[in-house]
2 protein chains.
Amino acid sequence: MLSRVNTRVLVVDDEAGVRKALERGLRAEGMDVVTAADGPSALRLARTGTFDALLLDIMLPGLSGYRVLQRLREEGVRTPVILVSAKDGEIDQADGLDLGADGYLVKPFSFVVLRAQLRAVLRRTGGDRARGVVRLGGLEIDRSAREVRFDGATVALSPREYALLETLARGAGTVLTKDDLLAEVWGDERAATRNVVEVYVGYLRRKLDAVGAGDMVRTVRGHGYQVTSG
Amino acid sequence: MLSRVNTRVLVVDDEAGVRKALERGLRAEGMDVVTAADGPSALRLARTGTFDALLLDIMLPGLSGYRVLQRLREEGVRTPVILVSAKDGEIDQADGLDLGADGYLVKPFSFVVLRAQLRAVLRRTGGDRARGVVRLGGLEIDRSAREVRFDGATVALSPREYALLETLARGAGTVLTKDDLLAEVWGDERAATRNVVEVYVGYLRRKLDAVGAGDMVRTVRGHGYQVTSG
DNA sequence: GACGTCGCTGAGAACACGCTGAGGAATCGT
DNA sequence: ACGATTCCTCAGCGTGTTCTCAGCGACGTC
């Protein structure tokens, strides 16, 4: 159990201080944290569907937290969202929850409450690990239909191949070692050799190649594999 | 959506005035409301599992809201619960959410916020167990008449076959594993093997085939089954 | 340029998965 | 009581999938 794939949280706030504080706190809880400072970049990051939860401030430059949430839901992204508002406006609360938010916090909030809300939200979406759509470049992984498409063309994958691709895509951008992948995809049992990962990456590449996405899975020699949006 | 069964909400509060107000308000929303004034009776009512949501005050005579919630979860009752507290104690919120609450309100709260939380909670749990007709492509499932048609032709199904098809259709677009289906259609108590699902999918397909809908139930090897409109 | 390490791939054996026909037990309707 | 219906188990078959192995090429280092 070296570097497990942790819970991934996206923190969106325009104040750098708040971002830093939340990032540090959540990391201490053992979560992977990614931050964004404005609406558009929050939307861009969130729509990849690779997060387990979003912490979304309402007051944002570019695109309000409301709009970000609204857009995400429209696009079928069902990642749990906790809205954060600066002042206790009741109407705001109502609107936010109706838009599909899963929780609500009013500044200033204590870290204890934040952690509790996060846990509640994660418990609900449970081992399910969010049933939305993962998008990466032209690649689409529909987790509820268990279907993979690239530029519209569906790619038929075996269960193992699918699990591997999903795991790689969920860690989008980061390099996953073969041991990481063995633990995540093959389970904690030491039943399989490392070579099986290479074999299955090969299978994946061949099938992705057939639809023009051959170079999505990149080898990082000596370290592992990585999927990129290019 | 013909003969809809209303959403049933259990309201628990020791103050008669609060109970009355909430009852009137929620009824106006078209919900069925049952009230309880103390912990033990709340527990007795809630454990029947016939409610779509619980509105649970924390300060209660006999048994605190916490304990009621705790007991329910221990007993496997997963009805969504919104906790109501008299004062804004942070620790309370944290504890409550960790105990398995689905929402949290602080008195005094506006009805708008309450309604929003309720809706959010109901949306999540799919409290939308609408009766009526499910349509999928040429397929029609009349749930009140327990009748299935395809392009006008009725399909005679046994109870099990019907339950299976209905469950599959309700999850339209998503892949349901055999274990999902066993739990939903056969019930948790059953010690049925997974093969029975395969057998019944076979029965279904044969009957649907006879009216030209043979390819509606798709096998996703290694994952489960899925009904598609195509 | 030689060597060891690392990653890729084709072949093939073992296995798991899903489908089906047969049949037994229980229940229902007449 | 009788057949019809329903529910479920079982065993067998075909096929897809998983995984190991061995060989080979690519890469980096000295």
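To find a chain, count down the sequence lines: A is the first, B the second, and so on, and within it residues start at 1. Keep in mind that this is a model prediction, so the values were computed, not measured.
A donor-acceptor pair under 3.5 Å is absent between the side-chain atoms of A/Asp209 and the main chain of A/Arg206, judged by distance alone.
Evaluation of the salt bridge (Lys or Arg N to Asp or Glu O under 4.0 Å) test over residues 162-173 of chain B, restricted to residues two or more places apart or in two chains, returns B/Arg143-B/Glu166, B/Glu166-B/Arg170, B/Arg170-B/Glu184.
With hydrogens and angles left out, the side-chain atoms of A/Thr174 and A/Arg8 include no donor and acceptor closer than 3.5 Å.
Taking atom CG of B/Leu181 as the reference point, atom P of D/dC8 lies 14 Å away to the nearest angstrom.
One can find a donor-acceptor pair under 3.5 Å joining the base of D/dC21 and the side-chain atoms of A/Asn195.
Where DNA chain C meets chain A (any atom under 4.0 Å from a heavy atom), the bounding nucleotides read 5' to 3' are C/dC6 to C/dG10.
Taking every heavy atom of both residues into account, A/Leu165 and A/Val148 meet most closely at CD2-CG1, 3.9 Å. Contact detail for A/Asp52 and A/Leu122: the closest heavy-atom pair is O-CD2, 3.7 Å. When all heavy atoms of B/Phe51 and B/Leu45 are compared, the pair lying nearest together is CE1-O, 3.5 Å.
Nucleic acid contact for B/Arg206: sugar-phosphate only, since backbone atoms but no base atoms lie under 4.0 Å from a heavy atom of the residue.
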Inset, instruction - Would you give a per-nucleotide map of nucleotides 13-18 of chain D, 5' to 3', where B means the base has a protein non-hydrogen atom under 4.0 Å away, S means only the sugar-phosphate does, and - means neither? - result: --BSSB

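Terminal axes of the helix from C/dG1-D/dC30 to C/dT30-D/dA1 (five pairs each, C1' rotation axis) are separated by 30°, to the nearest 10°.
For B/Lys207, the side chain to side chain contact (heavy atoms under 4.5 Å, CB included) partners are B/Val155, B/Leu157, B/Glu161, not counting sequence neighbours. Under the side-chain hydrogen bond (donor to acceptor under 3.5 Å, both in side chains) criterion, B/Thr154 pairs with no residue at all, not counting sequence neighbours.
Between A/Asp102 and A/Arg73 a salt bridge is recorded (basic side-chain N to carboxylate O distance below 4.0 Å). Looking at A/Glu23 and A/Arg27, a side-chain N of the basic residue comes within less than 4.0 Å of a carboxylate O on the acidic one, giving a salt bridge.
Nearest-nucleotide assignment on DNA chain C puts the 5′-proximal partner with A/Glu198, out of A/Glu198 and B/Val201.
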